[in-house]
Number of protein chains: 2
Amino acid sequence: MSKRSGILEFAVLGLLRESPMHGYELRKRLNTSLGVFRAFSYGSLYPCLKTLVTLGWLVEEPAVDLGPSAAPLAGRRAKIVYRLTAAGKEHFEELLAHSGPDAWEDEHFAARFAFFGQTSKDVRMRVLEGRRSRLEERLEKMRASLVRTRERLDDYTLELQRHGMESVEREVRWLNELIETERAGRSERPADERDDNDNTNQENGGRPEARGTA
Amino acid sequence: MSKRSGILEFAVLGLLRESPMHGYELRKRLNTSLGVFRAFSYGSLYPCLKTLVTLGWLVEEPAVDLGPSAAPLAGRRAKIVYRLTAAGKEHFEELLAHSGPDAWEDEHFAARFAFFGQTSKDVRMRVLEGRRSRLEERLEKMRASLVRTRERLDDYTLELQRHGMESVEREVRWLNELIETERAGRSERPADERDDNDNTNQENGGRPEARGTA
DNA sequence: TCGTTCATGTAACGCGTTACATGATTGC
DNA sequence: GCAATCATGTAACGCGTTACATGAACGA
């Protein structure tokens, strides 16, 4: 009786926290914010939205769009704007605080990372370090199984394996840099009481890491 | 009435082409051959196997294991060995020949690549080039959407985006190297009539690419 | 006025996992 | 004898997509 998906729910809540939106726009932001990692369709988004409303995290608003000729009488629906309720905000903050093992997994992690801007520093650290240890664990297994089976595998399979491992190693290095930067660490900037025009940290634009052009 | 999944079916057929196996071992090989990219559970493997038998691509064999005390009377099943039929082999070769757009997609591509050892050179080329153009297309979109939204995104989201793009760019470079190597190209070695102990190309162990230690 | 993009929604299906149930084999 | 791991299977569920249906708003 639900239609609740961890990561979709999380991302919807997170985006709506920044500003109210209708479904259509939400979907686009979803697919750019989470980047390469995830693409959702309306077939999952709209039902999810409905569920979240039922749960009380969201409210629908009639979207007083007022087109050219402001429709005179009732019955003017379509274009529903979704707004996060206080309960919804609270719930999201709660999700944000959890840094358990699920949050180390590929897509979960990407979603978590996308909302690091609203995450407290210590949770960021735990997530980053958790992710790293997860990957290192994975690397161990790959190395082990590679040693065991190296002989029996043909060249292309081997090359695929090698490329896969290199990708993982690369992400570990990325995490290392991020963790180091976090440790050197800028100010905490807790999720509440934040000023959207806050432009402290102008030296590097506040980016988590200063690096050369890729 | 089916339980057929493109990639699982393909991989099962491909592994069984090399040698008959029972489900348990098949699953392990599946998860190492396809590497990081995919992990299947028994819950999908066994039903798939059954379906493939129904279709005639596979046959079950009683696995004359003959444990210490060779069970005297009938009723000794469990440990079923699956063997590829002639029809199954034919079907697999057919799948191998298709290099359409589906084969450029992430997991599909990995599966295709894993069996490049049994794929003809021209198909390999088409798959490699198709994959590359797919990724380049993807990069274009990402760049475009990044230009459009750069301002409104916070630092972490941006960093995620950047890292994602870099990963894709890295795969493109990998593909470039592979394509170049293919072009320089070793012998064709068609899928049939191959000798498993063939050790021509000793200079680099026949690896698709010679490179320094990563 | 006609095509495109915006906008919302649903039903059917695809593909896979989890959790469970069952039992043989091996090693200590 | 007991634990671990090998080995096979199934039913229920999760999570998401495709394809479809519908219609408003906008620009040429």
Side-chain angles (χ1 to χ4, degrees), chain A residues 1-12 20-31 34 37-54 58 60-63 65-71 75-82 102 105-108 111, chain B residues 1-12 20-31 34 37-54 58 60-72 75-82 102 105-108 111:
Chain A
M1 185 172 301
S2 53
K3 234 54 179 175
R4 303 219 293 130
S5 139
I7 142 159
L8 180 52
E9 170 185 328
F10 179 78
V12 165
M21 260 178 280
H22 49 256
Y24 191 85
E25 194 187 347
L26 200 46
R27 192 226 176 192
K28 281 192 304 184
R29 305 257 299 200
L30 225 44
N31 295 332
L34 303 190
F37 309 102
R38 215 56 162 96
F40 291 101
S41 66
Y42 300 121
S44 29
L45 178 56
Y46 283 118
C48 172
L49 250 8
K50 284 286 163 75
T51 306
L52 295 182
V53 168
T54 305
L58 262 45
E60 304 185 341
E61 290 184 355
D65 194 0
L66 294 195
S69 57
R76 196 150 150 57
R77 59 220 156 310
K79 202 148 198 175
I80 299 163
V81 167
Y82 292 90
D102 347 356
E105 297 312 322
D106 299 316
E107 311 207 310
H108 238 49
Chain B
M1 188 170 301
S2 53
K3 234 56 178 171
R4 304 218 293 130
S5 140
I7 141 159
L8 181 51
E9 170 185 327
F10 178 78
V12 164
M21 260 178 282
H22 49 257
Y24 191 84
E25 194 186 347
L26 200 47
R27 191 227 177 191
K28 279 192 304 184
R29 303 258 298 200
L30 224 46
N31 295 332
L34 302 189
F37 309 102
R38 216 52 163 99
F40 291 101
S41 65
Y42 300 121
S44 28
L45 178 56
Y46 284 118
C48 172
L49 252 6
K50 284 286 163 78
T51 306
L52 294 182
V53 167
T54 305
L58 262 44
E60 304 185 341
E61 290 183 353
V64 196
D65 193 2
L66 296 195
S69 56
R76 197 152 148 58
R77 57 216 158 310
K79 201 147 197 174
I80 299 164
V81 167
Y82 292 90
D102 347 358
E105 297 311 323
D106 300 317
E107 311 207 311
H108 239 43

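Just so you know, these numbers come straight off a predicted model, no measurement behind them. Order of the sequence lines fixes the chain letters, A, B, ..., with proteins taken first and strands second; residue numbering starts at 1 for each chain.
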Sugar-phosphate only, base, or nothing, as touched by Tyr42(A) at under 4.0 Å among non-hydrogen atoms: base
Touch class at under 4.0 angstrom, heavy-atom based, for Arg38(A) against every strand present: sugar-phosphate
Closest contact, heavy atoms only, Ile7(B) versus Glu107(B):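 Closest approach of Ile7(B) to Glu107(B): CD1-O, 3.8 Å.
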Closest non-hydrogen atom pair, Ala11(A) against Leu34(A): CB-CD1, 4.1 Å
Taking the side chain of [X] as its heavy atoms from C-beta onward, which of [options] lies nearest to it?
| X | options | answer |
| --- | --- | --- |
| Ser41(B) | dT18(C), dG16(C), dA7(D) | dT18(C) |
| Tyr24(A) | dG9(D), dT8(C), dG16(D) | dT8(C) |
| Ser44(A) | dT17(D), dC15(C), dC6(C) | dT17(D) |
| Pro47(A) | dG16(C), dT10(C), dA7(D) | dT10(C) |
| His22(A) | dG9(D), dG16(D), dT8(C) | dT8(C) |
| Tyr46(A) | dG9(C), dG9(D), dC6(C) | dG9(C) |

5' priority, DNA chain D, between Gly43(B) and Lys28(B) [closest heavy atom]: Lys28(B)
Please give, in whole Å, the distance from [N] [atom2] to [X] [atom1]?
| X | N | atom1 | atom2 | answer |
| --- | --- | --- | --- | --- |
| Glu9(B) | dG14(C) | CD | P | 14 Å |
| Leu26(B) | dG9(D) | CG | C1' | 15 Å |
| Asp102(B) | dT17(D) | CG | P | 18 Å |
| His108(B) | dG14(C) | NE2 | C1' | 14 Å |
| Leu58(B) | dT8(D) | CG | P | 13 Å |
| Arg27(B) | dG9(D) | CZ | C1' | 14 Å |
| Ile80(B) | dA24(C) | CD1 | P | 14 Å |
| Ile7(B) | dC15(C) | CD1 | C1' | 11 Å |

Tyr82(A) vs Leu52(A), side chain to side chain contact (heavy atoms under 4.5 Å, CB included): CA-CA, chis, key distance, verdict: CA-CA 10 Å; Tyr82(A) 292 90; Leu52(A) 295 182; over 6 Å; no
Distance under 6.0 Å and angle within 45° of ring axis: Arg27(A) vs Phe40(A):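 Not flagged: Arg27(A) not positioned over aromatic ring of Phe40(A).
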Residue-phosphate contact under 4.0 Å: Lys50(B) side-chain N/O, dG9(D) OP1/OP2: yes
Contact check, side chains of Met21(A) and Lys28(A), non-hydrogen atoms, under 4.5 Å: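 Side chain of Met21(A) against side chain of Lys28(A), heavy atoms only: no contact under 4.5 Å found.
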